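What you are looking at is a predicted structure, and each value in this text was computed from that prediction instead of being measured. Within every chain, numbering begins at 1; the chains are lettered A, B, ... in the order of the sequence lines, protein sequences first and strands thereafter.
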Protein chains: 2
Amino acid sequence: MKSEIEVFRKFIRNKGLRKTPEREQVVRAVFAIHDHFDVDELYALLRRENEKISKATIYRTIPLLLESGLIQEAYFEDGHLHYEHIYGHDHHCHLRCLDCGKVIEFTEETVKDVEGKVGERYDFLVTGHKLEVYGHCGKCRVHK
Amino acid sequence: MKSEIEVFRKFIRNKGLRKTPEREQVVRAVFAIHDHFDVDELYALLRRENEKISKATIYRTIPLLLESGLIQEAYFEDGHLHYEHIYGHDHHCHLRCLDCGKVIEFTEETVKDVEGKVGERYDFLVTGHKLEVYGHCGKCRVHK
DNA sequence: CTACTGTTGCGACTCATTCTCAATAAGGAT
DNA sequence: ATCCTTATTGAGAATGAGTCGCAACAGTAG
């Protein structure tokens with residue numbers, strides 16, 4: 001399997017865009033975070049490493065990462081979007097506690113079937129889905 | 001079944017909040033729109049009816065509607081959240097075209113089963129879910 | 001190496017949402 | 001019905017995420 005940076009380079013080339021160190025640093029940072037992330041976290045990580053990449057460039061790189069299939073939007077919280085890398089990972093869904101905000105990842109095959117059924121029913125070429133299940137975790141139920 | 005305004009009044013009373021005409025106008029407006037909506041649309045609708053309710057009040061009412069279970073977040077698009085009323089409606093999921101942005105609602109029972117399974121597996125009291133399936137609709141595939 | 005043009009960084013800008021605060025008005029107590 | 005306390009409202013200022021314009025810079029094709 002190709003590394004994420006190879007996938008990215010191929011994507012960039014196919015789109016006729018330019019390979020730049022800034023973009024590649026962003027890709028590296030994204031895959032260095034093994035969790036959900038937002039733009040500020042990427043920026044902080046890069047600054048910690050003394051990479052001087054502007055936030056604008058990060059914002060400009062995000063759509064490329066989305067389009068190349070390396071990352072996807074995970075959820076909207078605290079007034080901004082959070083992402084996660086998906087390349088090289090099994091697809092997973094999120095289980096969120098409405099009280100403490102904890103997010104658990106889980107995998108569930110049956111959702112794949114839904115994709116197929118729905119795509120056929122409405123003549124869609126389905127490329128993915130996002131399932132978020134929410135409720136109250138055990139800990140938070142006890143504290144009431 | 002209780003009307004949405006009754007549900008809202010009960011919620012307000014239980015929370016020790018005050019029943020105000022502004023809040024009730026917002027509830028009315030929300031249920032007058034039979035589709036997804038955002039804050040601007042609510043505001044425009046109320047203005048058209050010559051209700052002079054400030055946007056701040058609408059923003060302050062949204063969390064109450066969410067907490068009372070009358071509405072839920074539907075999706076994030078164009079830089080802001082969109083909502084939909086859910087009280088009195090069967091639960092449904094969204095199928096979105098990544099090209100033209102069209103959103104189709106569909107119902108799918110099997111997702112309910114996922115809720116149960118996952119809730120048990122992680123000791124969650126599951127209260128709901130949000131499933132968005134995306135891809136490319138027939139029309140947009142032709143136009144390429 | 002050169003020329004062309006895409007990309008970057010910076011700061012200014014936009015726009016959604018929240019906050020501040022004075023004026024208003026629920027709602028319980030009298 | 002009136003008073004009093006305090007939640008709520010409206011208006012505009014403030015915040016903060018994300019975008020844009022532009023001049024300097026740097027890939028890449030030839």
Side-chain angles (χ1 to χ4, degrees), chain A residues 5-6 8-30 36-47 49-68 71-83, chain B residues 5 8-30 36-68 71-83:
Chain A
I5 201 73
E6 286 169 324
F8 185 73
R9 282 177 184 161
K10 185 169 181 202
F11 170 80
I12 287 291
R13 201 177 330 117
N14 287 345
K15 295 268 291 185
L17 302 174
R18 290 179 184 172
K19 173 173 175 300
T20 72
E22 289 83 359
R23 284 174 175 163
E24 302 210 340
Q25 285 298 336
V26 174
V27 175
R28 246 204 348 86
V30 162
H36 307 119
F37 63 88
D38 57 28
V39 169
D40 274 336
E41 281 163 341
L42 284 184
Y43 185 66
L45 173 60
L46 288 163
R47 288 303 290 273
E49 298 175 341
N50 282 316
E51 301 294 340
K52 46 180 175 14
I53 292 177
S54 77
K55 261 188 195 170
T57 295
I58 300 177
Y59 276 112
R60 286 188 278 233
T61 306
I62 295 283
L64 301 177
L65 293 167
L66 287 168
E67 201 185 335
S68 64
I71 69 170
Q72 70 180 357
E73 295 175 0
Y75 48 84
F76 181 85
E77 197 178 63
D78 297 325
H80 58 268
L81 278 166
H82 295 246
Y83 305 88
Chain B
I5 200 73
F8 185 71
R9 282 177 183 160
K10 185 170 181 199
F11 171 80
I12 287 292
R13 202 177 327 120
N14 287 346
K15 295 269 291 185
L17 301 174
R18 290 178 184 172
K19 174 176 175 298
T20 71
E22 289 84 357
R23 283 173 175 161
E24 303 210 339
Q25 285 298 337
V26 174
V27 175
R28 245 205 348 88
V30 163
H36 308 119
F37 62 89
D38 57 28
V39 170
D40 273 336
E41 280 163 343
L42 283 184
Y43 184 66
L45 173 59
L46 289 163
R47 286 305 288 275
R48 234 178 290 133
E49 298 175 340
N50 281 317
E51 302 293 341
K52 45 180 177 14
I53 292 177
S54 76
K55 263 190 194 169
T57 295
I58 300 177
Y59 275 110
R60 286 188 279 233
T61 305
I62 294 282
L64 302 177
L65 293 167
L66 286 168
E67 200 185 336
S68 64
I71 69 170
Q72 70 179 357
E73 296 174 359
Y75 49 83
F76 181 84
E77 197 177 63
D78 295 326
H80 58 268
L81 278 166
H82 295 246
Y83 305 89

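Checked by atom type and distance alone, the side chain of A:Glu24 never pairs as donor or acceptor with a backbone atom of A:Pro21 at under 3.5 Å.
Contact annotation for B:Lys19: backbone-only contact, meaning every heavy-atom pair under 4.0 Å involves sugar-phosphate atoms and none involves a base. As judged by a 4.0 angstrom heavy-atom cut-off over every strand, B:Lys55 is placed among residues making no nucleic acid contact.
Atoms CD and CZ, from A:Glu51 and A:Arg28 in turn, are 6.5 Å apart once rounded to the nearest 0.5 Å. Of the inter-residue distances, the one linking A:Gln25 atom CD with A:Thr20 atom OG1 reads 9.5 Å to the nearest 0.5 angstrom.
Nearest-nucleotide positions on DNA chain D for B:Leu17 and A:Thr20 put B:Leu17 closer to the 5' end. Where A:Ile53 and A:Gly16 meet DNA chain C, the nucleotide closest to each residue was compared, and A:Gly16 sits on the side nearer the 5' end. Both B:Ala56 and B:Phe76 lie close to DNA chain D; mapped to their nearest nucleotides by heavy-atom distance, the more 5′-ward contact belongs to B:Ala56.
Taking the charged nitrogens against the carboxylate oxygens, B:Glu22 and B:Arg60 have no contact shorter than 4.0 Å, which rules out a salt bridge.
Rounding to whole angstrom units, NZ of residue A:Lys15 and C1' of D:dG27 are separated by 18 Å. Between A:Ile12 atom CD1 and D:dT28 atom P the separation is 10 Å, expressed in whole Å. For the pair A:Arg47 CZ and C:dG9 C1', the interatomic distance rounds to 12 Å; values are reported in whole Å. Atom pair B:Asp40:CG and C:dT17:P shows a separation of 8 Å (rounding to whole Å applied). Distance, B:Lys52 NZ to D:dG10 P: 8 Å, rounded to whole Å. Distance CZ (B:Arg9) to C1' (C:dA26): 14 Å, rounded to an integer number of Å. Between A:Glu24 atom CD and C:dT8 atom P there is a gap of 11 Å when expressed in whole angstrom units. We find that OH of B:Tyr43 is positioned 10 Å from C1' of D:dG10, with the value rounded to whole Å.
Here the side chain of A:Glu22 is nearest to one of C:dG9, C:dA16, D:dT9, namely C:dG9. When each of D:dG10, D:dG18, C:dT17 is scored by its nearest atom to the side-chain atoms of B:His80, the top-ranked nucleotide is C:dT17. Side-chain proximity of B:Tyr59 to C:dT18, D:dG18, D:dC20: nearest is C:dT18.
A donor-acceptor contact under 3.5 Å is formed by the side chain of B:Arg60 with the base of D:dG10. Side-chain atoms of B:Arg23 and base atoms of D:dT8 include no donor and acceptor less than 3.5 Å apart. Between the side chain of B:Arg18 and the base of C:dG27 there is no donor-acceptor pair of N/O atoms closer than 3.5 Å.
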* Could you walk me through whether B:Arg23 and B:Phe8 pass the side chain to side chain contact (heavy atoms under 4.5 Å, CB included) check? -> CA-CA 9 Å; B:Arg23 283 173 175 161; B:Phe8 185 71; 3.9 Å; yes
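A sub-4.0 Å separation between OP1 or OP2 of C:dC10 and a side-chain N or O of A:Ser54 is absent.
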